[in-house]
Amino acid sequence: MDFLNNAMNESPVSVLLDDLKNADEVVRDRATRELWRMWFEQKGLVGLETLRRAQILLELRDFDKAEDILNTLLVKHPDFAEAWNRRAVLHYIQGHYLKAIADCEAVIRLNSIHFGALHGLGLCHMALGNYKAAIQAFQQALAVQPYSLENQRLILECTFSLS
């Protein structure tokens, strides 16, 4: 659980991590939204607006322009975990799973509790048929978000695929 201990040194994050483990779904949802907000706003309004532009392009399926925006952002801010995560999503949608894995791993190095990147890492490994690695990633995501039914379901699906 070292990946949790590093992030729990910060009090506001620690409280939100505790809230993710709360039996009350309303508390968990609020904590989830707050963590996503913090991650997206890590680099202020300029970073947030850049991520939004990239997301719009991604939704319009203009993958090259979206990637150019994210690449430029990452050159300026290589410590912006959510920019790496957004690029991982872009790669995943395009079926570039190895690139997406590399970006998810960059996110996790920067933010070890990023349940979105841990989940994404699992999805990429699953798409490649690496079910043991997928299970490990989903289990790490569950360590952060233990009530995630999606990660629980995917662990079962991967376990079934192994047999």
Side-chain angles (χ1 to χ4, degrees), residues 1-25 27-44 46-48 50-52 54-55 58 67 70-93 96-128 130-159:
M1 295 286 192
D2 287 336
F3 67 98
L4 286 178
N5 293 336
N6 294 338
M8 292 180 68
N9 294 330
E10 297 176 38
S11 183
V13 172
S14 178
V15 170
L16 292 171
L17 288 173
D18 287 344
D19 286 351
L20 291 177
K21 295 167 178 58
N22 193 299
D24 185 340
E25 184 177 2
V27 172
R28 291 192 314 268
D29 288 348
R30 182 196 52 77
T32 299
R33 283 191 310 277
E34 183 62 17
L35 284 165
W36 278 114
R37 185 195 63 74
M38 291 169 65
W39 297 340
F40 271 86
E41 294 178 1
Q42 178 191 349
K43 294 297 176 183
V46 173
L48 178 62
T50 304
L51 291 178
R52 285 183 179 155
Q55 182 64 31
L58 183 139
E67 187 170 7
L70 292 169
N71 288 342
T72 300
L73 184 58
L74 287 166
V75 167
K76 290 181 183 178
H77 303 285
D79 64 335
F80 192 1
E82 195 53 40
W84 288 102
N85 192 52
R86 293 293 98 202
R87 196 172 75 175
V89 169
L90 173 71
H91 290 315
Y92 178 82
I93 288 171
H96 301 154
Y97 303 121
L98 295 177
K99 287 181 178 181
I101 286 170
D103 284 350
C104 286
E105 289 172 345
V107 176
I108 295 162
R109 278 191 300 277
L110 294 167
N111 180 356
S112 61
I113 58 143
H114 198 298
F115 48 79
L118 291 164
H119 175 79
L121 183 62
L123 290 175
C124 291
H125 281 299
M126 192 174 171
L128 292 170
N130 301 332
Y131 299 113
K132 287 183 182 180
I135 290 168
Q136 182 180 12
F138 294 135
Q139 286 173 334
Q140 288 178 318
L142 273 177
V144 180
Q145 261 187 328
Y147 285 90
S148 170
L149 296 177
E150 179 69 3
N151 287 323
Q152 293 172 24
R153 183 187 67 76
L154 290 169
I155 288 170
L156 289 174
E157 196 174 312
C158 288
T159 302

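The basis for the numbers below is simple: all heavy atoms, side chains too, and nothing from hydrogens, waters or symmetry mates.
Taking every heavy atom of both residues into account, Thr50 and Val46 meet most closely at OG1-O, 2.7 Å. In terms of heavy atoms, Asp79 sits closest to Gln42 at O-NE2, 3.0 Å. When every heavy atom of Ala83 is checked against every heavy atom of Leu74, the shortest pair comes out as CB-CD2, 3.6 Å. Pairing each heavy atom of Asn85 with each of Gly116, the nearest pair is OD1-C, 4.2 Å. Residues Ala134 and Gly122 share a closest heavy-atom pair of CB-O, 3.4 Å.
Considering NZ of Lys99 and CD of Glu67, their distance stands at 6.0 Å, rounded to 0.5 Å. Rounding to the nearest 0.5 Å gives a distance of 10.5 Å between OG1 of Thr159 and CG of Leu154. For the atom pair CG (Leu156) and CD1 (Ile135), the distance works out to 9.0 Å, reported to the nearest 0.5 Å. Note: Met38 CE to Asn111 CG = 9.0 Å, rounded to the nearest 0.5 Å. Going from atom CD1 of Ile101 over to atom CG of Leu121 covers 6.0 Å, rounded to the nearest 0.5 Å. Interatomic distance, CD of Gln136 versus CG of Asn130, reported as 11.5 Å (0.5 Å rounding).
Phe115 places a side-chain heavy atom less than 4.5 Å from the side chain of Leu20. You'll find the side chain of Asn71 reaches within 4.5 Å of the side chain of Arg87, heavy atoms only. Side-chain contact between Arg153 and Leu149 is absent, with no heavy-atom pair separated by less than 4.5 Å. Proximity of Leu118 to Ile113: side-chain heavy atoms (C-beta onward) are nowhere separated by under 4.5 Å. You'll find the side chain of Tyr131 stays beyond 4.5 Å of the side chain of His125, heavy atoms only.
Exactly one of Asp19, Leu17, Asp18 qualifies for a side chain to side chain contact (heavy atoms under 4.5 Å, CB included) with Val15. That residue is Asp19.
A ring-centre distance under 6.0 Å is found for His119 and Phe138.
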**OP:** Carefully, step by step, assess Arg30 and Leu16 under the rule side-chain contact (heavy atoms from CB on, under 4.5 Å).
**Re:** CA-CA 9 Å; Arg30 182 196 52 77; Leu16 292 171; 3.7 Å; yes

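Arg28 places a side-chain N or O within donor-acceptor distance of the main-chain N or O of Ala23, the cut-off being under 3.5 Å. No donor-acceptor pair under 3.5 Å is formed between the side chain of Glu82 and the backbone N or O of Val107. For the pair Trp84 (side chain) and Ala102 (backbone), a donor-acceptor distance under 3.5 Å is absent. No donor-acceptor distance shorter than 3.5 angstrom exists from the side chain of Lys132 to the backbone of Cys158, with no hydrogens or angles considered.
Ring geometry, Trp36 versus Phe40: the interplanar angle falls from 30° to 60°, so the pair is classed tilted.
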